[in-house]
There are 2 protein chains.
Amino acid sequence: MSTITIKDIARALNISTSTVSRALRGSYEINQETKELVLEYAERLNYRPNPIALSLKENRSRAIGVIVPQIANYFFSQAINGIEAIAYNRGYHVIIFQSQESYEREAANMQQAMDRKVDGLLISLSSETSDVSHLRALQEQGLPIVQFDRVSHELDTTRIVADNFGGAFAATEHLIKAGRQRIAHLTIPPWLSITKERLAGYRAALEQYGIPYDETLVRYGTFGQNETGPMVDELLALPSPPDAFFTASDRLALGCLASLHQRRIAIPDDVSLIGFTNLNAADLLNPALSTVVQPAQEIGQIAVERLIELIEKKQKAAPPSTVKIPTRLIVRESTRSVVHS
Amino acid sequence: MSTITIKDIARALNISTSTVSRALRGSYEINQETKELVLEYAERLNYRPNPIALSLKENRSRAIGVIVPQIANYFFSQAINGIEAIAYNRGYHVIIFQSQESYEREAANMQQAMDRKVDGLLISLSSETSDVSHLRALQEQGLPIVQFDRVSHELDTTRIVADNFGGAFAATEHLIKAGRQRIAHLTIPPWLSITKERLAGYRAALEQYGIPYDETLVRYGTFGQNETGPMVDELLALPSPPDAFFTASDRLALGCLASLHQRRIAIPDDVSLIGFTNLNAADLLNPALSTVVQPAQEIGQIAVERLIELIEKKQKAAPPSTVKIPTRLIVRESTRSVVHS
DNA sequence: TTGTACGCGTTATCAG
DNA sequence: CTGATAACGCGTACAA
């Protein structure tokens with residue numbers, strides 16, 4: 001009794017279900033009187049069409065699948081924030097999947113998303129994923145897919161990413177201009193697209209300012225816990241230790257910050273530190289820390305907009321392309337004297 | 001052709017759909033031979049049952065609706081992390097809704113969740129929500145509901161919350177024992193359950209140590225941007241300004257930290273600062289900042305476990321009760337000399 | 001303008 | 001042991 005169907009209305013009004021259906025969706029060929037009657041009654045009983053029945057019939061769900069490595073990662077939770085907001089306004093629901101950085105789980109998630117008949121898929125690849133044939137298979141079955149942040153160029157989809165090269169270049173340049181010469185780079189697994197781009201930006205800046213690239217200054221992390229301590233120790237033990245750190249994520253930036261504090265290294269007196277972070281995360285960061293801000297929310301919004309475009313105008317699939325969203329460099333010097341007052 | 005149904009199998013094997021259905025679900029009354037034939041064929045063609053058809057038939061969706069004020073809030077993204085992990089293992093999907101701290105939107109989300117026929121609802125109330133009759137209505141229609149974190153005691157459901165009183169007491173006591181006497185409390189809207197509990201813990205600690213309660217030291221924020229600056233200014237302008245700050249969220253803690261830095265107030269030399277934060281957020285915090293850690297992930301996990309219990313054993317609905325998860329006080333003194341080296 | 005019948009994928013019921 | 005049929009809620013081609 002709690003859920004009222006088109007059938008109940010038909011029975012109550014002594015008309016057929018098809019008439020009710022047509023009235024409800026405002027079909028032109030229908031008696032004004034009947035129409036109003038139906039609408040009024042439906043309104044009164046708070047009739048709500050059953051989307052599941054519709055899904056079954058139309059073989060679509062008005063749901064978008066989102067697969068991310070980890071929700072509890074500030075970048076992704078912000079991206080999802082952007083995604084959900086837009087999707088909601090466009091009448092889509094968001095079903096979240098976490099790959100937990102596991103290829104296997106990512107594949108399982110994709111299968112489940114398919115089973116659920118999502119209308120489209122937004123995905124940021126797990127760090128374990130190098131083979132994208134499972135994704136390609138879905139795509140070939142006609143599932144609209146948009147990649148964001150951690151993307152593969154072996155898969156021909158629209159890709160929405162931050163300007164990782166530009167951001168890394170700006171960060172490195174900033175450190176160089178601050179007089180640093182031995183800039184360490186703490187980053188994430190080397191095979192990820194975003195890692196490569198950031199590394200390239202870092203190297204380009206070094207090159208432009210005539211500083212030799214020293215690969216011993218570059219350290220690759222996993223997404224594990226407490227990994228910065230050993231990295232920092234190793235770097236400090238070098239014959240010629242770093243005088244600055246450029247980290248590739250907020251997690252690494254803060255881990256590095258904490259490690260340096262524990263080792264009684266002052267920032268920015270002994271070393272400088274700058275990290276890749278996210279827009280709101282920047283608020284959360286130590287005010288002494290300069291950051292390269294990634295517009296996570298914007299990336300999510302644009303990704304979902306593109307995806308909905310693909311879903312709704314299948315006829316003219318926009319040619320796959322890579323969209324780079326600019327990053328922003330936030331320099332905080334003002335607090336320097338305070339922190340070390 | 002991409003999706004294979006029970007019908008396809010039946011046609012291919014020249015048997016009826018009912019036989020296929022029975023074979024697939026291992027019905028006892030069925031020929032071993034036929035069974036194997038069907039299973040083998042289904043396996044080979046990678047048959048996957050259509051959950052939407054099942055939903056329509058069984059009037060359930062194996063999906064859990066989760067309504068939170070904001071995904072991009074570290075507490076909630078961690079809670080969702082816990083929720084998703086458990087739900088996934090139990091075969092449920094998670095559909096996310098953001099109320100964006102709006103009552104109206106929360107109500108709309110609930111309606112949509114109902115429309116989608118979620119099997120149960122996990123909710124943390126928006127800051128605008130005081131009237132819970134919309135929730136009560138759903139509950140009376142038989143929808144299993146579990147509240148977490150921001151709960152209403154006017155709604156008779158299982159509630160999973162952090163031990164806000166205990167955490168606030170511990171934080172305040174810690175500050176008192178560090179010699180502080182004028183402890184400001186920056187908190188969130190006063191009508192929220194969690195606000196009241198934290199305030200009560202704060203007052204209880206003051207009382208226990210014979211410090212008079214001064215309401216001018218308590219400031220209530222909204223969830224807006226950049227609200228700590230004015231709060232801190234007002235407090236510092238008091239005839240007898242605070243010598244410590246206890247903040248009710250990571251956002252307020254960091255906002256406060258930044259504001260104090262800007263005003264050249266040293267921590268912990270001039271004032272002490274302690275905040276309510278979340279387990280992983282603690283990593284992100286300034287290493288100089290002590291915190292009361294809320295186990296966000298655990299709260300999510302327990303909430304969803306309870307919900308699934310309710311969903312699956314409707315017969316014996318566990319009596320509604322409030323579960324308090326302990327918080328943990330993390331004191332970081334070691335970094336003090338470093339920050340001010 | 002309205003009603004009848006069918007199909008979307010699946011399972012339960014009832015015959016055989 | 002297996003098959004035909006109805007039902008879940010909806011929209012629509014076709015018939016009236």
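Naming convention: chains lettered A, B, ... in sequence-line order (proteins, then strands); numbering from 1 in each chain.
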Atom [atom1] of [X] and atom [atom2] of [N]: how far apart are they, to the nearest Å?
X: A:Asn59; N: C:dG9; atom1: CG; atom2: C1'; result: 10 Å
X: B:Lys57; N: D:dC10; atom1: NZ; atom2: P; result: 16 Å
X: B:Ile9; N: C:dT10; atom1: CD1; atom2: C1'; result: 12 Å
X: A:Leu24; N: D:dT12; atom1: CG; atom2: P; result: 12 Å
X: B:Leu56; N: C:dA12; atom1: CG; atom2: P; result: 14 Å
X: A:Arg116; N: C:dG9; atom1: CZ; atom2: C1'; result: 15 Å
X: B:Asp8; N: C:dC8; atom1: CG; atom2: P; result: 10 Å
X: B:Arg60; N: C:dT11; atom1: CZ; atom2: C1'; result: 13 Å

Are OP1 or OP2 of [N] and a side-chain N or O of [X] less than 4.0 angstrom apart?
X: A:Thr19; N: C:dG3; result: yes
X: B:Lys7; N: C:dC8; result: yes
X: A:Tyr47; N: D:dC10; result: yes

- Using the six-membered ring of B:Tyr88, assess whether NZ or CZ of A:Arg105 lies under 6.0 Å from its centre and within 45 degrees of the ring axis. yes
- Message: Reading DNA chain D from 5' onward, which residue's closest nucleotide shows up sooner: B:Glu58 or B:Asn14?
- Response: B:Asn14
Need one value for [X]: base, sugar-phosphate or nothing, where a base atom within 4.0 Å counts as base even if backbone is also close, heavy atoms only.
X: B:Ile52; answer: nothing
X: B:Ser18; answer: base
X: A:Thr34; answer: sugar-phosphate

- For the side chain of B:Gln147 and the backbone of B:Thr157, is there at least one donor-acceptor N/O pair under 3.5 Å apart? no
Identify which nucleotide among [options] has an atom closest to any side-chain atom of [X], counting heavy atoms from C-beta outward.
X: A:Asn50; options: C:dT11, D:dT2, D:dG9; result: D:dG9
X: A:Arg25; options: D:dG9, D:dG11, C:dG9; result: D:dG11
X: B:Arg22; options: C:dG3, C:dC14, C:dC8; result: C:dC14
X: A:Ile6; options: C:dT11, D:dT12, D:dC10; result: D:dC10
X: A:Pro49; options: D:dC10, C:dG3, D:dC8; result: D:dC10
X: B:Asn31; options: C:dT11, C:dC8, D:dC1; result: D:dC1
X: B:Thr5; options: C:dT10, C:dG3, C:dT1; result: C:dT10

- State, without any angle test, whether A:Glu36 and A:Gln32 hold a side-chain donor-acceptor pair at a distance under 3.5 Å. yes
- When you check the side-chain N and O atoms of B:Glu128 and B:Ser102, is any donor under 3.5 Å from an acceptor? no
- Item | Test side chain to side chain contact (heavy atoms under 4.5 Å, CB included) applied to A:Tyr92 and A:Ile311, A:Val304, A:Val118, the passing residue | A:Ile311
- Message: Can you tell me if A:Glu104 has over 12 outside heavy atoms packed within less than 6.0 Å of its CD?
- Response: no
